[in-house]
Amino acid sequence: MRTIQATLQRPTQPYRLKSFACIAQDFNDISFHNSSLTDGSQLYTSFLRQCTERKSLSGIRRVQLHMIKSGFGHLSLGNKLIDAYLKCGSIDDARDLFDELPHRHIVTWNSMIASYSKQKRSKEAISLYEGMAWEGVFPDEFTLSSVFKAFSDLGLVRGGRRAHGQAVVLGLEVSNVFVGSALVDMYAKLGRMRDARLVLDRVLEKDVVLFTALIVGYTQHGEGVVALEVFGDMLKQGIKANEYSFASILITCGNLEDISNGKLIHGLIIKSGFESAVASQTSLLTMYSKCGLIADSLKVFKRFVNPNQVTWTSLIVGLAQNGREEVALTKFRQMIRNSINPNSFTLSSILQACSSLAMLDQGKQIHAIVMKFGLDRNKFTGAALIDLYGKCGSTEMARSVFDGLLAFDVVPINTMIYSYSQNGLGHEALELFNRMKDLGLEPNDVTFLSVLSACNNAGLLEEGCRIFASMRNNCNIELTRDHYACMVDLLGRAGRLKEAEMLINQVSNPDVVLWRTLLSACRIHREVEMAERVMNRVFELAPADDGTHVLLSNLYASTGNWDQVIEMKSMMREMRLKKNPAMTWVDVDRETHTFMAGDWSHPRSKEIYEMLEELIEKVKGLGYVPDLRFVLQDLDEEKKQRSLYYHSEKLAIAFALWRSKNKTTTIRILKNLRVCGDCHNWIKLVSIAVRREIIARDAKRFHYFKDGLCSCKDYW
DNA sequence: GCATGGCCTG
């Protein structure tokens, strides 16, 4: 305060003096250290600087008001005021003032354009840039660097090219590496990698930023191999990589799952002394997890002294996507305990972990956290929540999340359609699909896949055919093998095997999946003859396809051709093919229990098997007869029955019922393969016997068992 | 120029 007083004793005009005091009072914690301030201009400047440091918008407004009153405004200080507003984040205040200023310095133009660009208000950035020339102000390297971003943000290739032309005319394209980098970045973001490359080649003095822009561009357009080459070129030219370029090239390695180059880069990072640089270490972590090396990922994570939000999130994403859902949940809880807030990235990933294990209770807890952070209307977390509820069999909850979303987006809609599909609600899926047009949204390839699968799961043959036909007329959608596979399945399961086969023949290069789908339809309709023909096609394309061997041996088993079953099994043995073992998970009291067929590894196995025997007796009373067609071994009758009784889903249900005796809660199980016909029938009867609802999610869809019926209407 | 994310048939 003393310094202010000192300044104020040397006034130039009494009026100003008084008002400075007023301003000073409003900011009585602001002090003036520069006692040599003698005129208003310097004093204003000093005030503005301090307001900027404090991010005090009201302070700047007061200064502006005072300047106007004292006749100081609208002159040289205007640019400084604009700068102060921009630094405090109020672009609109800055613009109001900007429009009033009679003389606007190129620097002020640049600040305005750069701010609009940064805040993705790209249209405003471009319109200012285009307005400059009218006032006889010509863009410089700063103007161009920021306006390129605006063009790429809006996808305006033509405008971007025009601005590029201006850079060429001004000679800045080759001589200024900032302009060059911004240009490379623009073309990369516009997907014009050839142009980006040409620009880079022309820049005289290249640097690491310029190269990184090109590397990122190639990586983001799926040309990781080229990105690696460019990185190599950069090093060859003696340009050293820094933290950011390491971060970028590691993403490339991760996408390519190129662990050998990844490790090479890891070594380079250590050599170059960037071992504690956050961005490159986070990329390193992600690279290892994308390559499936979770242990290495964890090792990198442990080296962080203070992992931040992004680091924690990267770890959790890696765990969730590598089938380590439980560990992901543990880490998530640790993150929260360490007072690191999750963001929409974290929450959507952890929700993904919950939905892939159908952990409804855990998922609901995460939903509460999502709401706490105000992200329940966010499209990413929203889609993840819809997916969770859909995969847990609660389409009502999924729908309520969906209805709460702020804006319509194709992904949440696809997720919702797919939720209906999984739960056999074909008509609901179709209704939403039809509504998309009214909402002005273009369905994409995933939308069609989801809606076709909805028709498939609900047995809506006519509707499916109609949609498929409409896709063929829609030139915006590329018909993929996946869409064909869905149709083949739909036709095949409806028994229209000939048509399904004809459809496959229309595909230019039918792959194994298509033929195997038809083969599976042959199995359902016990079409041994066609199956053998199709089998040959499958083995031509994939001689060692384990799925096909299993499928065929199932077909032979269900038609009682045990000789062929044995032949298949021995073929599988010879080729060392192993059936994926069937597993069932069940969540009881927030703990996940895993079961395999005939499994005695559970500590409460004795109780489980007792419960199971009890259940079997009960359902036998309701007419249960073991369906021996689902036994894939040629055992004697008694053993066949036994092998059916101990299927993993039966064990899991017995356990869950034992643990929740006298309760009425719904039992939820998750199976990695598709539920077998015998178990399906058994569970229906159990739902009557114990008067409980049972929800089973198998590899393909949901089964909602209640009062002896299943939501799939025995069609799966 | 740089680190993390949502939906997908069989």
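Below, chain A is the first sequence line, B the second, and so on; all start at residue 1.
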S.K.: If you look at every strand shown and take non-hydrogen atoms under 4.0 Å, does Asp409(A) touch a base, only sugar-phosphate, or nothing?
M.R.: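 Contact class for Asp409(A): base.
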S.K.: Report which part of the nucleic acid Thr415(A) touches: base, sugar-phosphate, or nothing (heavy-atom distance under 4.0 Å, all strands).
M.R.: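 Contact class for Thr415(A): sugar-phosphate only.
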S.K.: Using a heavy-atom cut-off of 4.0 Å across all strands, would you classify Asn444(A) as base, sugar-phosphate, or nothing?
M.R.: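 The residue Asn444(A) makes no contact with any strand.
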S.K.: Would you classify Ile417(A) as touching base, sugar-phosphate or nothing, given that sugar-phosphate means primed atoms plus P, OP1 and OP2, and contacts are heavy atoms under 4.0 Å?
M.R.: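 Nothing, no heavy atom under 4.0 Å.
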S.K.: Looking only at side-chain atoms of Tyr244(A), point me to the closest of dG6(B), dT4(B), dC2(B).
M.R.: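 The listed nucleotide nearest to Tyr244(A)'s side chain is dC2(B).
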S.K.: Heavy atoms, side chains only, cut-off 4.5 Å: are Ser181(A) and Asp207(A) in contact?
M.R.: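 A side-chain contact exists here, since the closest heavy-atom pair is under 4.5 Å.
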S.K.: Tell me whether the side-chain N or O atoms of Asn378(A) pair up with the base of dG6(B) as donor and acceptor below 3.5 Å, since no angle test is needed here.
M.R.: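 Under the 3.5 Å cut-off, the side chain and the base do not form any donor-acceptor pair.
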S.K.: Give one of base, sugar-phosphate or nothing for Gln422(A), where a contact means two heavy atoms less than 4.0 Å apart.
M.R.: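 Nothing, no heavy atom under 4.0 Å.
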S.K.: Write down the distance between CZ (Phe274(A)) and P (dG1(B)), rounded to a whole number of angstrom.
M.R.: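 For the pair Phe274(A) CZ and dG1(B) P, the rounded distance is 18 Å.
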S.K.: Taking atom CZ of Phe178(A) as the centre, report whether more than 12 heavy atoms of other residues, nucleotides or ligands fall under 6.0 Å from it.
M.R.: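 Count not over threshold, so no.
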S.K.: Give a yes/no on whether any side-chain N or O of Lys391(A) is located under 4.0 angstrom from OP1 or OP2 of dC8(B).
M.R.: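 Answer yes for this pair, as a side-chain N or O of Lys391(A) is under 4.0 Å from OP1 or OP2.
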S.K.: Indicate, with a heavy-atom threshold strictly under 4.0 Å, whether Ser314(A) touches base, sugar-phosphate, or nothing.
M.R.: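 Result for Ser314(A) = sugar-phosphate.
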S.K.: Tell me if the side-chain of Ser349(A) makes a donor-acceptor pair with the base of dG5(B), cut-off 3.5 Å, by modelled atom types.
M.R.: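 Not at all, since no donor on one side and acceptor on the other fall under 3.5 Å apart.
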S.K.: Need one value for Ser344(A): base, sugar-phosphate or nothing, where a base atom within 4.0 Å counts as base even if backbone is also close, heavy atoms only.
M.R.: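 Base contact.
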S.K.: Within the 4.0 Å heavy-atom criterion, would you say Ala485(A) contacts the bases, only the backbone, or no part of the nucleic acid?
M.R.: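 Counting heavy atoms under 4.0 Å across all strands, the contact made by Ala485(A) includes a base.
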S.K.: For Leu449(A), which contact category applies under a 4.0 Å heavy-atom criterion: base, sugar-phosphate, or nothing?
M.R.: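 Here Leu449(A) touches the bases of the nucleic acid.
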S.K.: Does Gln352(A) place a side-chain N or O at less than 4.0 Å from the phosphate oxygens OP1/OP2 of dG5(B)?
M.R.: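 Answer is no, no contact under 4.0 Å.
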S.K.: Atom CG of Leu519(A) to atom P of dT9(B): distance rounded to whole Å?
M.R.: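 Distance check: Leu519(A) CG to dT9(B) P gives 20 Å.
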S.K.: Can you tell me how far P of dA3(B) sits from CD of Glu275(A), to the nearest Å?
M.R.: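 Taking atom P of dA3(B) as the reference, CD of Glu275(A) is at 21 Å.
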S.K.: Does Leu319(A) reach the side chain of Ser349(A), with side-chain heavy atoms less than 4.5 Å apart?
M.R.: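 They are not in side-chain contact.
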S.K.: For Val446(A), which contact category applies under a 4.0 Å heavy-atom criterion: base, sugar-phosphate, or nothing?
M.R.: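 Base, at least one base heavy atom under 4.0 Å.
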S.K.: For a side chain to side chain donor-acceptor pair (under 3.5 Å) with Tyr389(A), tell me which candidate from Lys364(A), His367(A), Arg399(A) qualifies.
M.R.: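 Exactly one pass, corresponding to His367(A).
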S.K.: Base, sugar-phosphate, or nothing: which does Ser450(A) touch, judged by heavy atoms less than 4.0 Å apart?
M.R.: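 Here Ser450(A) touches no strand at all.
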S.K.: Could you tell me whether the side chain of Thr282(A) and the main chain of Val278(A) form a donor-acceptor pair under 3.5 Å?
M.R.: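 The answer is yes, because a donor-acceptor pair under 3.5 Å joins these two groups.
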S.K.: Does Lys189(A) place a side-chain N or O at less than 4.0 Å from the phosphate oxygens OP1/OP2 of dG1(B)?
M.R.: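 Lys189(A) to dG1(B) OP1/OP2: no side-chain N or O under 4.0 Å.
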S.K.: Counting neighbours of CG on Asn306(A) that are heavy atoms of other residues, nucleotides or ligands and sit closer than 6.0 Å, is the number greater than 12?
M.R.: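 It does not: Asn306(A) CG has 12 such atoms or fewer within range.
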S.K.: Regarding Val411(A), tell me which of base, sugar-phosphate or nothing describes its non-hydrogen contacts under 4.0 Å with the strands shown.
M.R.: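 Base: the residue Val411(A), judged by heavy atoms under 4.0 Å, touches a nucleobase.
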S.K.: Reckon Gln281(A) has a side-chain N or O less than 4.0 Å from the OP1 or OP2 of dT4(B)?
M.R.: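 Looking at the OP1 and OP2 atoms of dT4(B), neither is under 4.0 Å from any side-chain N or O of Gln281(A).
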S.K.: Using a heavy-atom cut-off of under 4.0 Å over every strand shown, decide if Asn308(A) touches base, sugar-phosphate, or nothing.
M.R.: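 The residue Asn308(A) makes base contact.
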S.K.: Could you please name the option among dC8(B), dT4(B), dG1(B) that lies closest to any side-chain atom of Asn343(A)?
M.R.: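 Of all the options, the side chain of Asn343(A) is nearest to dT4(B).
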